[in-house]
Amino acid sequence: MTERIVLAYSGGLDTSVGIGWLKKETGKDVVALSVDVGQGGEDLESIRQRALACGAVDAVVADVKDEFASEYLMPALKANARYQRQYPLVSALSRPLIAKYLAQTAHRLGADSIAHGCTGQGNDQVRFEAAVAAIAPELKAVAPIRDFELTRDKSIEFAAEHHLPIKQSKKSPYSIDQNVWGKAIETGFLEDPWNAPIEDLYTYTKNPAEASAEGRDVVIAFEQGVPVAIDGEAVTPLQAVERMNELAGNEGIGRIDIVEDRLVGIKSREVYEAPGAVALIAAHEALENLTLERDVARYKQDVENRWSQLVYDGLWFSGLKVALDAFIDETQRYVTGEIRLHLQGGRATVTGSRSTASLYDFDMATYDEGGTFSHKSARGFIDLWSLPSKIASQRNAAVAHPVETPQPVYVERSKNHSATQHREA
Ligand code: ARG
């Protein structure tokens with residue numbers, strides 16, 4: 001049997017041409033795999049048919065939206081996961097799941113390699129290949145655009161020459177990746193970080209300036225860190241994300257515009273919209289404020305940051321990430337209760353929280369007379385708490401060493417190139 005490659009197939013121009021291109025470059029048969037993580041648009045069956053029409057020997061589709069929400073988005077929510085404190089890891093979360101299905105399909109259909117349509121400049125190539133390396137180390141990875149110089153022009157030419165059934169609608173100048181957790185938009189005029197995003201980019205969110213003046217309230221119920229009901233109606237993890245995308249998107253919540261540190265070393269300008277993710281994380285964090293012990297909450301912030309970096313960096317299946325998951329799951333034991341959010345004008349504001357597992361003690365917290373907090377104990381506590389500082393201060397005064405401060409050396413910097421050069425995606 002001819003050797004086989006399983007290609008992650010989106011149905012777009014690049015991966016459609018990728019089928020024939022891989023065959024030409026490697027001599028191997030290509031199996032197309034399309035994994036639906038909620039990218040919207042076309043139905044899976046027409047994508048499958050197109051793959052076959054483009055020369056795939058087999059084409060497989062999988063709707064994994066529920067698995068994506070339960071096994072990938074919920075851990076991210078429990079981790080309040082954001083890279084650079086803002087980006088909720090939209091694309092980074094889908095790659096390991098797609099990689100898992102690539103590996104499974106390769107095993108099932110006897111392929112020795114997997115392939116993807118990423119360029120050599122981004123994070124996604126690393127995520128696909130690092131994930132496959134971790135779960136199916138015997139598989140090889142190839143990327144037609146990166147490894148066999150499949151440029152955009154060559155793609156268009158190849159598609160025309162071989163009469164591939166691809167609608168060549170006017171090419172969007174942006175590189176877009178989307179799933180149920182949100183949408184990532186890059187390249188085009190956004191490559192100049194001074195250029196403001198335009199309204200056309202956004203499809204998950206209304207313009208906050210045009211959203212309703214009064215906004216709306218929503219109550220989200222969580223059980224052990226996972227949303228289980230919205231406004232009293234039971235939801236699955238996928239339904240929770242979809243419903244919050246709609247509610248928060250309508251109020252213009254979740255637009256993010258950052259200069260991001262990519263794993264491959266460059267900075268890139270990224271625009272995202274993730275209304276459900278932003279609103280759910282705000283609610284989840286508020287419930288943690290009510291239910292986590294102080295030291296657990298403080299320590300968890302470091303874990304969240306590290307978790308987000310690992311996932312951003314393509315290390316979903318790494319030992320450290322898995323170990324941090326165990327820590328995070330343990331912290332969620334009492335994260336059960338309800339949060340009221342007010343959604344309005346691009347913001348999700350927490351306006352109420354309650355939980356049967358709350359650590360908030362009204363009698364301790366009240367400033368009214370009759371509170372149970374021991375004001376007397378506070379004095380003794382402060383005496384001992386500040387004792388090390390007091391002793392050190394006395395020592396410093398007694399042993400006064402003027403420390404010589406080194407002077408900074410100033411070097412003339414060459415003129416910076418401005419970011420006006422333009423390149424098509
Ligand atoms: N920069 C983001 C990330 O690394 C988004 C990547 C989106 N991918 C794409 N092909 N447009 O997660």
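Every number for a ligand or one of its atoms is a count from 1 in the order of the listing.
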**Asked** Is the distance between the ring centroids of W316 and Y72 under 6.0 Å?
**Response**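 Centroid separation for W316 and Y72: below 6.0 Å.
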**Prompt:** What do you reckon, are the aromatic ring centroids of F158 and W21 less than 6.0 Å apart?
**Reply:**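 Yes.
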**Request:** Can you establish whether the number of heavy atoms outside Y299 located under 6.0 Å from its atom OH is more than 12?
**Result:**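 No, not enclosed.
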**Asked** Is E233 atom CD crowded by more than 12 heavy atoms from other residues, nucleotides or ligands, each under 6.0 Å away?
**Response**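 No, not enclosed.
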As a test of reading the model: which N/O atoms of the protein lie under 3.5 Å from N/O atoms of ligand 1, and at what distance?
residue, atom, partner, partner atom, Å
ligand 1, 1 (N), E260, OE2, 2.9
ligand 1, 1 (N), E270, OE1, 3.0
ligand 1, 1 (N), E270, OE2, 3.2
ligand 1, 1 (N), Y272, OH, 3.2
ligand 1, 4 (O), N123, ND2, 2.7
ligand 1, 4 (O), R127, NH1, 3.1
ligand 1, 4 (O), R127, NH2, 3.0
ligand 1, 8 (N), D124, OD2, 2.9
ligand 1, 11 (N), S175, OG, 2.9
ligand 1, 11 (N), E186, OE2, 3.4
ligand 1, 12 (O), Y87, OH, 2.5
ligand 1, 12 (O), R127, NH1, 2.8
ligand 1, 12 (O), R127, NH2, 3.1

**Asked** What is the distance from atom OG1 of T205 to atom CD of E273, rounded to the nearest 0.5 Å?
**Response**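 Separation between the atoms: 4.0 Å.
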**Message:** Can you confirm if the NZ or CZ of R127 lies within 45° of the ring axis of Y312 and under 6.0 Å from the centre of its six-membered ring?
**Reply:**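 Yes - R127 lies over the ring of Y312, closer than 6.0 Å to its centre and within 45° of its axis.
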